[in-house]
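The structure appears right after this line, and notes come after that.
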Amino acid sequence: MMSLEKLVRRNIRNMKPYSSARNEFHGTASVFLDANENPWNTTYNRYPDPLQMELKERVSKLKEVETDSIFLGNGSDEAIDLVFRAFCDPGMDSVILIDPSYGMYEVCANLNNVECKKVLLNDKFDLDADKILALDNDWVKVVFLCSPNNPTGNCLNRDEIYKVLDKFHGIVIIDEAYVDFSSQPSFLTELNKFPNLIVLQTLSKAWGAAAIRLGMAFASPEIISVFNKIKYPYNVSKPSQEAALSILSDTEKMQKQLSQILFERSRIEKALTESPYFYKVYPSDANFLLVEVGNANNAYNYLVKKGIVVRNRNNITLCRGCLRITIGTPEENDILLDVMKSLPI
Ligand SMILES: *Cc1c(COP(=O)(O)O)cnc(C)c1O
């Protein structure tokens, strides 16, 4: 890995971050006249903890990662954007994306005027590390990997991921938004071995809290302090911090819903594969299935007419004819399977 000092953009390295009232005062006090807040309305009148320490302690216990290796943001999307702002000089640097994958990486790249080099996955939607390493040069700062991948649902080959982590000179992101649904372990345990690794997770999927916008990035304390330097001072609201604390305290509820989703995933997979249409269902380690239905546009419109919305992935690389179907409740899945029986293809 190139030294982090060199990977971080020069203007970011040299800038002084905004220092908020809550940053500058540490200790105990009873009269707070430092932040121009309204002194009444005791629920929301105070600015929230800018570093979300209570929530980080909870995440730390749950994930067995030190608090100084944790960044919390307004969804994983905030962390993705900060990666570009921290490491990629607009109009100069580039990143490597796998194709197909999550659309936000390219949107953030375009937003930041950073070039994307795309590496096609193979016909099993899997990764060839050598194809990524062949593109490595001083201007390629970041590789985005997503495992389990969206929209394909599969985990990427671990040996290939390790090869990228070992040999790529810059930052390697592993987006694990769907890791809770996977039979494969997280890469969180590898943080200490790879100073260039950033693991992304989120409360938006398995934890059932997409509405509160809480994303997590795990990395070396050096990378986390760069994120803390450039983030908005109060990037996670107090209601979100409180909701996250309460949601993360009920692991049992999450585990119960998780096992139901996994049960339903195999039920739908079996029903679609064995239906008279013999749909091709790709193996999934996530809470959705990529299903090849023939004419995906017709199928999509037919499902909408029946009141069911899925994701049409017909125009995505390697996904022609495919719908991405999220696993719903057993009742919702019954409705889907019933309508899929009469799909006009
Ligand atoms: C859903 C999803 C996320 C989650 O993003 P949030 O901003 O945390 O809601 C991240 N990465 C991938 C690949 C996803 O599919």
Side-chain angles (χ1 to χ4, degrees), residues 75-77 97-107 110 118 120-126 146-156 175 177-178 180-183 202 204-211 213 257-345:
S76 317
D77 292 344
L97 309 183
I98 54 170
D99 192 22
S101 195
Y102 185 45
M104 266 313 276
Y105 314 136
E106 189 168 8
V107 170
N110 291 336
K118 292 193 185 175
L120 193 66
L121 296 175
N122 68 19
D123 57 352
K124 296 221 158 52
F125 299 129
D126 214 339
C146 183
S147 183
N149 193 17
N150 178 5
T152 59
N154 61 300
C155 284
L156 302 176
D175 188 338
Y178 300 99
D180 305 290
F181 306 102
S182 171
S183 48
T202 178
S204 297
K205 308 285 156 62
W207 288 98
R213 310 305 304 130
Q257 294 179 342
L258 188 65
S259 47
Q260 214 170 358
I261 287 171
L262 297 186
F263 179 86
E264 286 293 300
R265 184 178 76 195
S266 50
R267 179 171 81 93
I268 299 174
E269 181 181 4
K270 189 160 183 289
L272 291 179
T273 310
E274 292 173 358
S275 84
Y277 292 121
F278 300 110
Y279 296 113
K280 175 163 181 159
V281 182
Y282 289 95
S284 172
D285 257 308
N287 66 335
F288 58 83
L289 291 166
L290 189 70
V291 184
E292 204 177 314
V293 294
N295 189 323
N297 294 333
N298 286 353
Y300 175 83
N301 290 329
Y302 183 74
L303 286 169
V304 168
K305 250 199 317 207
K306 299 286 179 179
I308 303 170
V309 196
V310 298
R311 199 89 151 110
N312 184 355
R313 299 287 76 179
N314 190 53
N315 294 326
I316 301 293
T317 312
L318 302 179
C319 298
R320 181 155 300 277
C322 289
L323 302 177
R324 192 195 70 191
I325 304 175
T326 306
I327 311 302
T329 63
E331 297 74 24
E332 289 170 333
N333 301 334
D334 285 341
I335 296 169
L336 170 87
L337 289 176
D338 193 48
V339 174
M340 289 291 276
K341 280 185 205 149
S342 56
L343 212 59
I345 49 174

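Throughout, numbering of the chain's residues begins at 1 and tracks the sequence.
For CZ of Arg311, the number of neighbouring non-hydrogen atoms (other residues, nucleotides, ligands) closer than 6.0 Å is 12 at most.
Judged by distance alone, with hydrogens and angles left aside, the side-chain atoms of Asp99 form no donor-acceptor pair with the main-chain N or O of Lys118 at under 3.5 Å. Between the side chain of Asp338 and the main chain of Asp334, no donor-acceptor pair closer than 3.5 Å is present. Proximity of a side-chain donor or acceptor of Asn333 to a complementary backbone N or O of Gly328 within less than 3.5 Å is detected. In terms of modelled atom types and a separation under 3.5 Å, the side chain of Arg265 and the main chain of Phe288 share no donor-acceptor contact. Put simply, the side chain of Tyr279 gets close to the backbone of Met340: a donor and an acceptor are under 3.5 Å apart. Using modelled atom types, one side-chain atom of Glu332 and one backbone atom of Thr329 make a donor-acceptor pair closer than 3.5 Å. A donor-acceptor contact shorter than 3.5 Å is absent between the side chain of Asp175 and the backbone of Ser147.
Taking all atoms of both residues into account, the shortest heavy-atom contact from Asn150 to Arg324 is OD1-NH1, 2.9 Å. Pairing each heavy atom of Asp77 with each of Tyr102, the nearest pair is OD1-OH, 3.1 Å. Looking at every heavy atom in both residues, Ala296 comes nearest to Asn312 through CB-OD1, 3.7 Å. Of all heavy-atom pairs spanning Val339 and Tyr302, the tightest one is CG1-CE2, 3.7 Å.
Considering Asn154, Asp126, Thr317, Ile98 as possible partners of Leu121, the one that fulfils the side-chain contact (heavy atoms from CB on, under 4.5 Å) test is Ile98.
With values rounded to the nearest 0.5 angstrom, Tyr282 atom OH is found 12.5 Å from Glu269 atom CD.
Ring planes of Phe181 and Tyr178: tilted class, angle from 30 to 60°.
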